[in-house]
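Data first, discussion second: the structure below is written as structure tokens.
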Amino acid sequence: MKAMQTSPFEGQKPGTSGLRKKVRIFQQAHYLENFVQSVFDTLEGLEGKTLVVGGDGRYYNREAIQIILRMAAANGFGRVLVGCDGLLSTPAASAVIRKYKAFGGLILSASHNPGGPDGDFGIKYNISNGGPAPEKLTDAIYQHSQNINRYLIAEGEDAPLETLGSYHIGDMLVEIIDPVADYAELMASLFDFAAIRSLLTSGYRICFDAMHAINGPYAKKILEEVLGAPQGSVINGEPLADFGGGHPDPNLTYAKDLVEIMYAENAPAFGAASDGDGDRNMILGTNFFVNPSDSLAVLAANAHWVPGYENGLAGVARSMPTSQAVDRVAEQLRIECFETPTGWKFFGNLLDAGRITLCGEESFGTGSDHVREKDGLWAVLFWLNILAVRGETVQEVMHDHWSRFGRNFYTRHDHEGIDSNGAQQLMSHLQQQLPELPGKTFGEYTVSYSDDFSYTDPIDGSISTGQGLRIGFDNGTRIIYRLSGTGTEGATLRIYIEKFEADTNKHDQDPQQALVDLIDIANTLCKLEEYTGRDKPTVIT
Ligand code: VG1
Ligand code: CO
């Protein structure tokens, strides 16, 4: 074992989901090591314990894992479970941490950000419940990284990551595990596999776009091998270090292959995609897009059809910018509904305390208490289970939902890669206006409240401030502004817009049309063009 001298790097501060930087930054000598040592030094009582390690297979994944293994040994872990080839989807890593009662895990991923030598890399620490470290811990890790002067690393050969089995680094046992098996077993325990199997072997066509990312092997195993979907139902199923040059973000802009297939003539009945690390999902029907906020509401309203949830939901939660569609379901089911800041780490306490069963975000993330991460393939299986039992199309399920609960028209406009200074100025310009907005009228809308969202965790009382600027109007209409905490280049401004419509005759509108006046108000209020030089978003959801 060696203690290596080092000195701090600036900015090793985890964002919405871990530390994400350009690959080249991570490749600097000691950069990764500093962060990993900061994690290990911040943890208490790791001696002899089990750590889970795996990543989404992006460029630098293997090199990073070799370093982490030797550092884990030098820092006194007793055992490390690593996915074969260094692979583990984020939800699978969460499942493995929970199943083997590990102390925690290191997940290597920059999720939906592009990969390759010029792309992004990322790392995050998950705690023993399988979920992302809470802010208290990530703050402590960051503080430590600002004062670090040494790290510990064992010497030795590289680990044979491609072979299942076990071996030692010093006293530490390394077990190379099948990355799919535990996850597949968990899915089979939650869903009616027999019903899904009969649907998928009856000529019902699906297309799952793994976007050359981690979920390829998971989807092929579960959808094609176990559930009998015809070979070829999973496309782009080989994980590639650069995601085939693509942007592994399952939305209408970046999941182009799938969108073309689902909007073509003779399209399959069901389409889905997931992101770089497998925790996001996009659901499509034939020529039809399911908004992720609606998807969460549909899962909640139909959970009683699914074996793992047939006994009812304890409660639900959504991130603040997510539409209030699920709130309406919760009200009818007479269960609690929580509003949390953006990022999965804020659901952990509610899930652990048994206060919620399902939760989700507008950013194509849905999940439940089965793990402590959002889970892309889980959401796909949940939908397939509902479709198999109800025998209806995706459109029919969605229209029926709107007719029962009303429709929350919703859109998110992303302005990616804008100048950071401009973005900051735009946000402070808005912030200054907040106190004067209530009572003011814009078009047909009068502001009822405006604030900078802050959240008090109902379980441990911790407070998180500065979580997005909200402008609320009557009847749940909202405009929200946030700066992304996952980007690595310039800034990304997200504008979220929502309006409720009870009238069934109006449910068929295109959201961009239904919200056109609010979109205009939102862009004008923040002086979009003046501060960003943009008049159109890069991505519309
Ligand atoms: C984005 C999403 C957020 C999500 C986060 C991590 O964060 O908006 O809802 O939890 O990504 O998802 P931000 O700060 O860029 O808005 V993942 O799939 O990248 O781990
Ligand atoms: Co992700």
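Not measured: the values here are computed from a predicted model. Below, all heavy atoms of this structure are taken into account, side chains as well, without hydrogens, waters or symmetry copies. We count ligands from 1, going down the list as the structure has it; atoms in each ligand are counted the same way. Residue numbers count from 1 along this sequence.
For atom 7 (O) of ligand 1, the closest heavy atom belonging to the protein is Thr486 CG2, 3.5 Å. The protein heavy-atom contact nearest to atom 4 (C) of ligand 1 is Glu361 OE1, 3.6 Å. At the shortest separation from atom 11 (O) of ligand 1 among protein heavy atoms lies Arg280 NH2, 2.9 Å. Looking at atom 6 (C) of ligand 1, its nearest protein heavy atom turns out to be Lys374 NZ, 3.5 Å.
Checked against the Co ion (ligand 2), the N, O or S atom of Asp277 at the shortest distance is OD1. Nearest N/O/S atom of Asp275 relative to the Co ion (ligand 2): this is OD2. Residue Asp279 approaches the Co ion (ligand 2) most closely through its N/O/S atom OD1.
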task = Begin with the C-alpha distance, continue with both residues' side-chain angles, and end with the deciding distance and a verdict on salt bridge (charged side-chain N to carboxylate O under 4.0 Å, His left out) for Glu339 and Arg470.
result = CA-CA 13 Å; Glu339 183 177 51; Arg470 309 192 288 185; 3.3 Å; yes
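The side-chain tip of Lys499 does not point at the ring of Phe409 from less than 6.0 angstrom away and within 45° of straight on. For the pair Arg24 and Tyr60, the NZ or CZ position fails the cation-pi test of under 6.0 Å to the six-membered ring centre and within 45 degrees of the ring normal.
With ligand atoms numbered from 1 in the order given, ligand 1 contributes 17 (V), 19 (O), 20 (O) to contacts under 4.0 Å with heavy atoms of Arg20. Below 4.0 Å from some heavy atom of Arg412 lie the following atoms of ligand 1, by number and element: 8 (O). Against a heavy-atom cut-off of under 4.0 Å, Asp275 is close to the following atoms of ligand 1: 18 (O). Which parts of ligand 1 touch Arg482 is read off a 4.0 Å heavy-atom cut-off, strictly below it: atoms 13 (P), 14 (O), 16 (O). In summary, the atoms of ligand 1 found under 4.0 Å from a heavy atom of Ser363, numbered by their order in the structure, are 2 (C), 3 (C), 4 (C), 8 (O), 9 (O). The atoms of ligand 1 that sit less than 4.0 Å from any heavy atom of Arg494 are 8 (O), 13 (P), 15 (O), 16 (O). Ligand-side atoms of ligand 1 in range of Ser111: 17 (V), 18 (O), 19 (O), 20 (O), range being under 4.0 angstrom from any heavy atom. Those atoms of ligand 1 that come under 4.0 Å of a heavy atom in Ser17, given as number and element, are 6 (C), 20 (O).
Residue Gly343 places a heavy atom less than 4.0 Å from ligand 1.
Between Glu361 and Arg280, no side-chain nitrogen of the basic residue sits less than 4.0 Å from a carboxylate oxygen of the acidic one, so the salt-bridge criterion is not met. With respect to the salt-bridge test (charged N to carboxylate O, under 4.0 angstrom), the residues Glu185 and Lys99 qualify. By the 4.0 Å N-to-carboxylate-O rule, Arg58 lies too far from Asp277 to be salt-bridged with it. Between Asp120 and Lys22, at least one side-chain N (NZ, or NE/NH1/NH2) sits under 4.0 Å from a carboxylate O, which counts as a salt bridge. Ion pairing between a basic and an acidic side chain is recognised when a charged N comes within 4.0 Å of a carboxylate O; Lys136 and Asp460 show no such pairing. Salt bridge Lys220/Glu238: present, at least one basic N to carboxylate O contact under 4.0 Å.
The Co ion (ligand 2) has an N, O or S atom of Ser111 inside 2.8 Å of it.
Ring-plane geometry between Trp383 and Phe270 is classed as tilted, the angle between the planes lying from 30 to 60 degrees on a 0 to 90 degree scale. In this pair, His247 and Tyr254 present their aromatic rings parallel. The plane angle is below 30°, not in the 30 to 60° band. Ring planes of Phe453 and Tyr455: tilted class, angle from 30 to 60°.
Close N/O approach between Asp279 and ligand 1 is found [any backbone or side-chain N/O within under 3.5 Å]. Ligand 1 has an N or O atom lying under 3.5 Å from an N or O atom of Ser484, backbone or side chain.
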